[in-house]
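Just so you know, these numbers come straight off a predicted model, no measurement behind them. Labels below follow one simple rule: chain letters A, B, ... track the order of the sequence lines, proteins then strands, and each chain is numbered from 1.
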Amino acid sequence: MTRGSVVHWFRKGLRVHDNAGLLDAWNMANDAKITLKPVFLLDPWFVKNAKVGTNRWRFLIQTLEDLDKSLRKIGTRLFVIKGSPEEIFPKLLKKWDVKRLTWEQDIEPYAVERDNKIEKIAKQLNVEVLTFCGHTLYELDAIVAKNKGDVPLTYQKLQGLVSKMGHPAKPVESPAKLSKESRLDSGDLEKSKYDVPDLDSILKTAGKSQEDLGPCKFHGGETEALRRLDEKISAENKSYVLKFEKPNTSPNSIEPSTTVLSPYLKFGCLSPRTFYYRLLDVYKLGKHSEPPVSLMGQLLWREFFYTVGSHTPNFDKMKGNKVCRQIDWDCHPEKLKAWAEARTGYPYIDAIMTQLRLEGWIHHLARHSVACFLTRGDLYQSWEKGMEVFEELLLDADWALNAGNWMWLSASAFFHQYYRVYSPVAFGKKTDPNGEYIRKYLPHLSKYPDKYIYQPWEAPLATQKAAGCIIGQDYPRPIVDHNVIHKVNMDRMKKAYAADKIQHEKNPPTKRSGIGNSGKEPPKKKQKTMDSFLKK
DNA sequence: CAACGGTTGTTCTC
DNA sequence: GAGAACAACCGTTG
């Protein structure tokens, strides 16, 4: 007695709540009395090509463990399968007699290409494919269509568009226990090669060392995501939610001054729409801040970068990226390395880079500080290099947001006031005058007096000796003189802007395509859910 | 073409 | 703690 099955393919969207694809598969399983088999593929492409650091591997494994647990509660499990989708699915769809395959849409270039291939393979095997929008508030194509096919390139434009579109779709219900006929057989639920692998084996496969693991400050998974949402976005915490203004939160507090829901949004442990409607609930309780600085505003920033990223070829590169200003960045691997390894000699910068490597999360303004330092502010290295380091180390590294924000900070796109330069000495002092943050992450500097904690090279030798840390010996001298170099760089930016302008006059940009995707190739096929919309 | 606004600069003065 | 000078960018709007 072989029953057929319906498969939900988890990639991002690693949750049970507000998961339209999973719910659809669940419904079909119950209606057709076939089994529901949720899968997650450990794609070797990610192991090889994606820069996933040890902390993010741990977060992913924790998330998969949590997901497996939740799926078992409804009578199924997570099948974790090692192999590329192209190799696995043809076999799997036949072996499991799959009637339908569902997944959540993903706009990243690799994902678009991959999903097109799998859809083709499935159709050849007579397997129905249904895809769903769940990683963003709105269908991104719908936002662009609302703008008459032009990609919105300012936040205000995006805000206007989504306000015309009304609230996003409400979260869908979570699947309850499957009916008896659709539950997995006990054999399928036993320990098997499809179990969530342990971290050791994953790190070994990825060529990573256990030693790079930092303390686990943010546990992966939907359960923790929803707990954190309850803690942060609740009536009990309403004054925090109502008054929240991003620019006024501290980049260098010991405990995070923001919600740290970002890693959960990145993996889809938390649905952005669940976040959205929870915020609306709290907003009913009183006067609240507004976008772009409010918490809702943060969700819209995410939507903004997703919209532009999904409709801009080469969005994660400078060349061939029409929203990105072409700038003659230096290529100095030693400077890049010093920055990435927290050896710039500026304690504020090095403390942030240490927190990033250790814990996998840093405050948004801390990201600004180190990104400005690496690019237009001090080291004049390409934003692409910084983006790669963030991609490896951030738990919440999300393709469109990472590229978009790096272009922002380097004044390559979206933001143009390149003469506003963060000081690696002054900026942190505003919110942490005693340098508690530096003392925590750079313990060898912890005995420095407040006066010198942000600029230890200015301390007299006697003070350095008393603090047990000689500059140039126990802690590096500043890699550049910020006061001098930031003006030189500002001038270079001015010239780069002028040169870029001339370039644009020679080759005026062609009108932007409204229904492109982020890959180099034109889309072979539009998402089926969008066909009707685009015909209008 | 000019005015305006732009999530989140710094430093000096009052 | 607020306001101005610093130097002066862009895209959007009218």
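- Applying the salt bridge (Lys or Arg N to Asp or Glu O under 4.0 Å) rule to pairs touching residues 377-394 of chain A yields A:Lys208-A:Glu392, sequence neighbours excluded.
- Partner of A:Trp408 under the ring-ring contact (aromatic ring centres under 6.0 Å, His included) criterion, chosen from A:Trp301, A:Phe304, A:Trp383: A:Trp301.
- Here B:dT11 is the nucleotide among B:dT8, B:dT7, B:dT11 with the atom lying nearest to any side-chain atom of A:Ala426.
- Considering only side-chain atoms of A:Tyr497, the nucleotide from C:dC9, B:dT10, C:dT12 that sits closest is C:dC9.
- Comparing atom distances between the A:Trp408 side chain and each of B:dT10, B:dT7, C:dG11 picks out B:dT7 as nearest.
- The side chain of A:Lys501 approaches C:dC10 more closely than any other nucleotide in the set C:dC10, B:dT8, B:dT7.
- Residue A:Val293 is classed as a base contact, given a heavy-atom separation below 4.0 Å to a base.
- Salt bridge absent: A:Asp432 and A:Arg439 never bring a charged side-chain N and a carboxylate O closer than 4.0 Å.
- Nucleotides of DNA chain C nearest to A:Met490 and A:Ala498 differ in position, and the one nearer the 5' end is that of A:Met490.
- Between A:Lys430 and the phosphate of B:dT10, there is a side-chain N or O to OP1/OP2 separation shorter than 4.0 Å.
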Pair pattern of DNA chain B in dot-bracket, where unpaired bases get dots and | marks partners in another strand, Watson-Crick or G-U under 3.5 angstrom: ||||||..||||||
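- Distance from the side chain of A:His368 is smallest for B:dT8 among the nucleotides C:dG11, C:dC10, B:dT8.
- Checking B:dT7, C:dT12, C:dC9 against every side-chain atom of A:Gln417, the shortest atom distance belongs to C:dC9.
- For the pair A:Arg228 and A:Glu231, the salt-bridge criterion is not met [side-chain N within less than 4.0 Å of a carboxylate O].
- The C1' atoms of C:dA8 and B:dG5 are separated by 14 Å, rounded to the nearest whole Å.
- In this structure, A:Arg492 satisfies the cation-pi test against A:Tyr380, with its NZ or CZ atom closer than 6.0 Å to the six-membered ring centre and inside 45 degrees of the ring normal.
- Residue A:Gln156 places its side chain closer to B:dT7 than to any other of B:dT7, C:dC9, B:dG9.
- Here A:Phe414 lies out of heavy-atom contact (under 4.0 Å) with every strand.
- C:dA7 and B:dC1 have their P atoms separated by 25 Å, given to the nearest Å.
- Residue A:Trp301 and nucleotide B:dT7 are classified as a stacked aromatic pair, their ring centres being separated by less than 5.5 Å at an interplanar angle below 30°.
- More than 12 non-hydrogen atoms from other residues, nucleotides or ligands lie less than 6.0 angstrom from NZ of A:Lys217.
- A residue-by-residue look at A:Lys494 and A:Lys157 shows that A:Lys494 has its nearest nucleotide of DNA chain C further toward the 5' end.
- Remark: of the listed residues A:Trp339, A:Tyr422, A:Trp457, A:Trp457 is the sole one forming a ring-ring contact (aromatic ring centres under 6.0 Å, His included) with A:Tyr346.
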